[in-house]
Amino acid sequence: MKAATRISDFTNDRARQRFLGFYRDALTRLWPPFTTTSVPTSYGEAVAYRAGPADGVPVVLVPGAGGSAVTWYHYVERLARHHPVIGLDPVGEPSAARQTRPIADGHDAATFLSEVLTGLGVERAHLVGMSYGGWTIVRHELAFPGRAASLTLLDPGGFGRFGARFWLWIMAGGLAGLTPGPIRRRLAGPVRNATLREDALMPLLPMTMSFRRRLPLPDTIADADLARITTPTLVLLGEHSVLYPAAELAAHLTQVMPNVRAEVVPGASHDLPAHSPDVVAGHLEQFLAA
């Protein structure tokens with residue numbers, strides 16, 4: 001995995017302030033009532049948003065690449081009925097966080113997440129990660145085994161190399177996202193990206209064009225490492241995932257990991273969290289209750 005040697009940031013302060021103005025408004029509109037905490041780490045300042053009850057093991061939501069806490073808005077109110085919920089703005093992503101030191105590899109990503117949890121006073125947590133966030137929480141579990149009460153991975157990175165199919169999906173979604181609303185929404189089906197129907201969030205897309213993301217690509221996690229993870233783990237994969245053959249990976253993980261439940265969600269691609277929020281939330285609630 002090629003190490004990141006520079007930090008992620010907006011191209012200028014004007015671009016940052018424009019993004020943050022809309023972002024904070026979106027959080028206020030889309031999340032239930034929350035409190036905000038800035039968390040200093042060795043890699044910069046993360047931001048955490050907390051909703052739900054004060055007591056209990058929190059559900060910590062880690063977004064995917066290019067994402068932020070607001071991308072979890074389909075889930076927060078539902079999860080917060082029974083659990084404290086913490087949504088993260090990690091450093092290196094377009095959000096309210098500020099990166100000051102490069103994150104070079106999986107060890108750095110794991111250390112960063114550990115420092116955030118420590119800074120929040122969280123000793124145990126149910127960690128939930130989509131895509132890049134899924135890879136991050138697996139790396140955290142390998143580096144700090146036992147700190148997580150459970151792991152939930154939504155079409156996660158880290159289980160194979162990124163191929164041309166993934167990069168074409170990213171480019172197609174990015175181009176479609178810049179088209180007028182009616183066209184963008186119609187394109188969501190053909191390009192298999194339900195995020196294009198997210199009218200509440202799509203205005204953020206052109207603003208993120210002024211953000212330079214400089215985080216490492218997820219490396220592939222070896223089977224021997226996966227076999228060491230005994231924490232209860234839920235893996236949800238999109239049937240049409242552009243990362244892996246979903247059914248094959250689900251079967252493989254069931255063989256390799258000692259305490260995993262791997263499911264394939266029909267109709268979804270790598271857009272799984274936006275495509276099937278009710279299905280994902282239902283699986284997650286059952287998993288947490290168990």
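Between Ala51 and Pro33, the shortest heavy-atom contact is CB-O, 3.6 Å. Nearest heavy atoms, Gly238 versus Ala246: O-CB, 3.2 Å. The two atoms that bring Val191 and Ala172 nearest to each other are CG1-CB, 4.2 Å, heavy atoms only. Here the closest heavy-atom approach between residue Phe112 and residue Val91 is recorded as CZ-N, 3.5 Å. The two residues Arg124 and Gly146 come nearest to each other via the heavy atoms NH1-O, 2.6 Å. Of all heavy-atom pairs between Gln99 and Ile7, the closest is O-CD1, 3.4 Å.
Using a 4.5 Å cut-off between side-chain heavy atoms of Ile, Leu, Val, Met, Phe, Trp and Tyr, with links allowed through other members, Met130 and Val138 fall into different hydrophobic clusters. Both Tyr49 and Leu20 are members of a single hydrophobic cluster when ILVMFWY side chains are connected at heavy-atom separations under 4.5 Å. In this structure, Ile137 is a member of the same hydrophobic cluster as Val39, with clusters built from ILVMFWY side-chain heavy atoms closer than 4.5 Å. Note on Leu243: it does not cluster hydrophobically with Val280, by side-chain heavy-atom contacts below 4.5 Å among ILVMFWY residues. Following chains of ILVMFWY side-chain contacts shorter than 4.5 Å, one cannot reach Ile229 starting from Val128, and the two form parts of different hydrophobic clusters.
At least one donor-acceptor pair closer than 3.5 Å links the side chain of Thr118 to the backbone N or O of Ser114. Between the side chain of Glu239 and the main chain of Gly267, a donor-acceptor pair closer than 3.5 Å is present. Listed for the Ser269 side chain is a donor-acceptor partner under 3.5 Å among the backbone atoms of His240. Side-chain N or O atoms of Trp135 include none that pairs as donor or acceptor with a backbone N or O of Pro156 at under 3.5 Å.
Hydrophobic cluster of Met171: the remaining members, joined at side-chain heavy-atom separations below 4.5 Å, are Leu168, listed by chain and number. Membership of an apolar cluster is not assigned to Phe144, as no side-chain contact below 4.5 Å to another ILVMFWY residue is traced.
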Quiz item: Under the salt bridge (Lys or Arg N to Asp or Glu O under 4.0 Å) criterion, do Arg16 and Asp9 qualify, and how do the steps go?
Solution: CA-CA 8 Å; Arg16 177 194 311 283; Asp9 203 354; 2.3 Å; yes
Practice problem: List the steps and the verdict of side chain to side chain donor-acceptor pair (under 3.5 Å) for His275 and Arg192. | Solution: CA-CA 9 Å; His275 180 278; Arg192 294 194 185 278; over 6 Å; no
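Crowding of Glu77 atom CD: a count of heavy atoms from other residues, nucleotides or ligands under 6.0 Å not exceeding 12. Within 6.0 Å of CD on Gln17 lie more than 12 heavy atoms contributed by other residues, nucleotides or ligands.
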Please set out all donor-acceptor pairs under 3.5 angstrom arising from side-chain atoms of residues 196-210, sequence neighbours excluded.
{"unit_1": "Glu198", "atom_1": "OE1", "unit_2": "Tyr73", "atom_2": "OH", "d": "2.3"}
{"unit_1": "Glu198", "atom_1": "OE1", "unit_2": "His74", "atom_2": "NE2", "d": "3.4"}
{"unit_1": "Glu198", "atom_1": "OE2", "unit_2": "His74", "atom_2": "NE2", "d": "2.7"}
{"unit_1": "Asp199", "atom_1": "OD1", "unit_2": "Arg184", "atom_2": "NH1", "d": "3.1"}
{"unit_1": "Asp199", "atom_1": "OD1", "unit_2": "Arg184", "atom_2": "NH2", "d": "3.2"}
{"unit_1": "Asp199", "atom_1": "OD1", "unit_2": "Arg185", "atom_2": "NH1", "d": "3.0"}
{"unit_1": "Asp199", "atom_1": "OD2", "unit_2": "Arg185", "atom_2": "NH1", "d": "3.1"}
{"unit_1": "Thr208", "atom_1": "OG1", "unit_2": "Leu205", "atom_2": "O", "d": "2.6"}

If you look only at distance, which donor and acceptor atoms sit under 3.5 Å apart when one is on a side chain in residues 60-71 and the other is two or more places apart or in another chain?
{"unit_1": "Ser68", "atom_1": "OG", "unit_2": "Tyr23", "atom_2": "OH", "d": "3.4"}
{"unit_1": "Thr71", "atom_1": "OG1", "unit_2": "Ser68", "atom_2": "O", "d": "2.6"}

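Under the 4.5 Å side-chain criterion, counting only non-hydrogen atoms from C-beta, Pro218 is not in contact with Phe159. For the pair Thr111/Tyr43, a side-chain contact is recorded, criterion being any heavy-atom separation below 4.5 Å from C-beta on. Counting only heavy atoms from C-beta outward, the side chains of Pro84 and Arg50 approach each other to under 4.5 Å.
Expressed to the nearest 0.5 Å, how far CD1 of Ile86 lies from CH2 of Trp72 amounts to 13.5 Å. Once rounded to the nearest 0.5 Å, the distance linking CG of Leu288 with NE2 of His126 reads 5.5 Å. For the atom pair OG1 of Thr233 and CG of Leu151, the computed distance is 4.0 Å after rounding to the nearest 0.5 Å. Rounding to the nearest 0.5 angstrom, the gap separating the OG atom in Ser8 from the CG atom in Leu215 is 4.0 Å. Distance check: Leu113 CG to Leu88 CG gives 7.0 Å after rounding to the nearest 0.5 Å. Interatomic distance, Leu117 CG to Arg147 CZ, rounded to the nearest 0.5 Å: 4.5 Å.
Listed by first then second residue, pairs satisfying salt bridge (Lys or Arg N to Asp or Glu O under 4.0 Å) with a partner in residues 125-144 read Arg139-Asp219, not counting sequence neighbours. Pairs engaging residues 222-234 under the salt bridge (Lys or Arg N to Asp or Glu O under 4.0 Å) rule: Asp225-Arg228 [sequence neighbours left out]. Counting only residues at least two apart or in different chains, salt bridge (Lys or Arg N to Asp or Glu O under 4.0 Å) contacts with residues 154-177 are absent. Contacts classified as salt bridge (Lys or Arg N to Asp or Glu O under 4.0 Å) and involving residues 266-281 (residues at least two apart or in different chains) are given here: Arg78-Asp278. Listed by first and then second residue, the ring pair (Phe, Tyr, Trp, His ring centres under 6.0 Å) pairs that reach into residues 183-213 are Phe10-Phe211, sequence neighbours excluded.
Residues passing the salt bridge (charged side-chain N to carboxylate O under 4.0 Å, His left out) test with Arg18: none are found, sequence neighbours excluded. Checked against side chain to side chain donor-acceptor pair (under 3.5 Å), Thr179 has no partners two or more places apart in sequence or in another chain. Considering only residues two or more places apart in sequence or on other chains, Arg29 meets the salt bridge (charged side-chain N to carboxylate O under 4.0 Å, His left out) condition with Asp25.
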